[in-house]
2 protein chains.
Amino acid sequence: MANKAQRAPRRTEALSRDVIVQAAVAILDAEGEEALTLRALTVRLATGYGAIYHHVADRDDLLGAAADHVIGRVVADIGGVADPREALRAVAMGLFDAIAAHPWVGAQLTREPWRPALLDVYESVSANLHALDVPERAVPDSAGALVNYILGVAGQNAANARALAASKLDRETFLANVAARWAQLDPVRYPAMHKAGRHLREHDDREQFLAGIDLILAGIAAVNHT
Amino acid sequence: MANKAQRAPRRTEALSRDVIVQAAVAILDAEGEEALTLRALTVRLATGYGAIYHHVADRDDLLGAAADHVIGRVVADIGGVADPREALRAVAMGLFDAIAAHPWVGAQLTREPWRPALLDVYESVSANLHALDVPERAVPDSAGALVNYILGVAGQNAANARALAASKLDRETFLANVAARWAQLDPVRYPAMHKAGRHLREHDDREQFLAGIDLILAGIAAVNHT
DNA sequence: ACCTGAACACCGTTCAAGT
DNA sequence: ACCTGAACACCGTTCAAGT
């Protein structure tokens, strides 16, 4: 055994905000939001608390930066789509997939919706609506409807991922449990949910999400053309 | 001064889950979500920790029950509206107003969307869509679009309320600050947000919310009738 | 400037002990 | 059954001290 005064090995390369954010993303992806503790970060980065606070204001700042890091890529990857309708669907799908892959991002977006990453989303949506010949004065409400819908789904996704993780079941049996609970609902008082319980197997979150986007786009077209 | 061994006066009436939930709602409304600590509850209820844990599983259970308590009333208060289109708008407006009055509810709904209260919302929305002659197989996606949109706005409202409280500014100057920050954005890279910054004064959250609901309803009508 | 890590001021939750 | 409150196992954050 080593001397008792021996300390954990310290890092040699300099710390930076970016290194910290990447470590945070890795922890969040691997173990979820509540696993991101300052202690876990000091261990992973082989450093002390003060070193982290030297580059980051507080835990919320870090969580926000981590979300920006993930979402930033999505918006950047869209640019090339020419057809505005397809571009809108691409932004929506890109966000959906990013949030499905990193559920903690969904929770973060609903918590701090004014983050730079969402600014770009808002801007991109607005520009594409403009390209769709939506009248100037109708753009803000239309963009708001789309973005708020996306944020709603994002929140749901995050909540589902949390529930799935907490249940410690695999996805299959977890869904079966949800379906069973719904199917047990009184079919007189809760006819729609009762029925949904019987169709959950063939339910596809991604398809339903896109259907919602198309519904809103159809509404925007209907309101502005007649 | 009294004896140092003197203790805080204890309550005489029995505690109950309902009394605890009401106390929680009072704290949440007055001081926001992070003010709801177990310690604050013991003080307010003049009791001990164990007494609370005897009626409530944990803090999350309590937060959920508090949200149900607020949302339950909203759905119950709608029932009477005959025209399905008006009933849908009434549900949406009821939720919006409840969340505006109790912003912590918005955060809670996005965190645990399977709560009983939301079940009733989903059911009510589905029934009214059915009454609007939306085909059976289109109801789930349509209801999902509406509910997810509502949840998205709910989350935004909660986030705005948190930011407003944290800023310790009054609503007026807080909005002016936001508008100023947006107006400062590069008008080339962020034309839509730049412009939005100049119109924030005349912006009405409630009106924009309803515009979104109408947009989605128009989309549902357009997709299903052609 | 950048980093260390003990210490501080909190949390939610438990549980032996009381009535 | 219902309640008490000290104690436990954590948090995020600070700051005097080091390099």
Side-chain angles (χ1 to χ4, degrees), chain A residues 2-24 27-28 31-67 104 107-108 111-112 162 165-166, chain B residues 2-24 27-28 31-67 104 107-108 111-112 162 165-166:
Chain A
N3 286 343
K4 76 168 201 262
Q6 188 158 20
R7 22 175 84 194
R10 290 291 134 196
R11 55 186 298 110
T12 51
E13 336 86 77
L15 213 52
S16 72
R17 186 178 165 93
D18 208 56
V19 169
I20 296 173
V21 168
Q22 282 177 35
I27 293 173
L28 288 162
E31 303 175 74
E33 177 169 335
E34 65 183 34
L36 181 67
T37 64
L38 271 291
R39 163 101 190 112
L41 267 178
T42 61
V43 171
R44 189 182 186 99
L45 292 169
T47 185
Y49 295 104
I52 292 170
Y53 277 96
H54 195 268
H55 295 278
V56 140
D58 53 24
R59 187 175 182 271
D60 280 349
D61 180 31
L62 180 55
L63 224 34
W104 54 272
Q108 187 55 25
R111 207 169 307 135
E112 297 206 322
R162 259 197 312 271
Chain B
N3 287 341
K4 76 165 198 263
Q6 188 158 18
R7 21 175 84 193
R10 291 290 134 194
R11 54 185 300 110
T12 52
E13 336 87 74
L15 213 52
S16 71
R17 185 177 165 93
D18 208 56
V19 168
I20 295 172
V21 169
Q22 282 177 37
I27 292 173
L28 288 162
E31 303 174 74
E33 177 169 336
E34 65 183 31
L36 181 67
T37 64
L38 270 291
R39 163 102 191 112
L41 266 178
T42 61
V43 171
R44 189 181 186 100
L45 292 169
T47 185
Y49 295 104
I52 291 170
Y53 278 95
H54 195 267
H55 295 279
V56 142
D58 53 25
R59 187 175 182 270
D60 280 349
D61 180 31
L62 182 55
L63 224 34
W104 54 272
Q108 187 54 27
R111 207 168 307 134
E112 298 205 321
R162 258 198 311 271

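Everything quoted here is computed from the prediction, not taken from an experiment. Just so it is clear: chains get the letters A, B, ... in the order the sequence lines come, proteins before strands, and each one is counted from 1.
Within the 4.0 angstrom heavy-atom criterion, only backbone atoms of the sugar-phosphate kind lie near A:L36; the bases stay farther away.
With hydrogens and angles disregarded, a donor-acceptor distance shorter than 3.5 Å links the side chain of B:R59 to the backbone of B:L36. A donor-acceptor pair is defined here as one N or O able to donate and one able to accept, closer than 3.5 Å; such a pair exists between the side chain of A:R162 and the backbone of B:R111.
Nearest heavy-atom pair across A:E112 and A:G64 is OE1-CA, 4.3 Å. Across A:A65 and A:V21, no two heavy atoms sit closer than the pair CB-CG2, 3.8 Å.
Rounding to whole angstrom units, CD1 of residue B:I52 and P of D:dG5 are separated by 12 Å. In this structure, the CD atom of A:E34 is 13 Å from the P atom of D:dC10, given to the nearest Å. B:I20 places its CD1 atom 14 Å from the P atom of C:dG12, with the value rounded to the nearest Å. The CZ-P distance, from B:R17 to D:dA1, rounds to 19 Å in whole Å. To the nearest angstrom, P of C:dG5 lies 14 Å from CG of A:L15. Protein atom CG of B:L41 is 12 Å distant from nucleotide atom P of C:dC11, rounded to whole Å. For the pair A:R59 CZ and C:dC11 P, the interatomic distance rounds to 16 Å; values are reported in whole Å. Separating the CG atom of B:L38 from the P atom of D:dC3 is a distance of 15 Å, rounded to the nearest angstrom.
Of all nucleotides present, only D:dC15 satisfies the Watson-Crick or G-U wobble test against C:dG5, with each distance under 3.5 Å.
Here the nucleotide nearest the side chain of B:Y53, chosen from C:dT14, C:dC3, D:dT13, is C:dT14. In the set D:dG12, D:dC2, D:dT13, the nucleotide with an atom closest to the side chain of A:Y49 is D:dT13. Side-chain proximity of A:T47 to the nucleotides D:dG12, D:dC3, C:dT4 is greatest for C:dT4. Considering only the side chain of A:H55, C:dC3 comes nearest among C:dC3, D:dA6, D:dG12. Nearest to the side chain of B:D58, among D:dA1, C:dT13, C:dC2, sits C:dT13.
When the options A:I20, A:L62, A:D61 are evaluated for a side chain to side chain contact (heavy atoms under 4.5 Å, CB included) with A:H55, the one that passes is A:I20.
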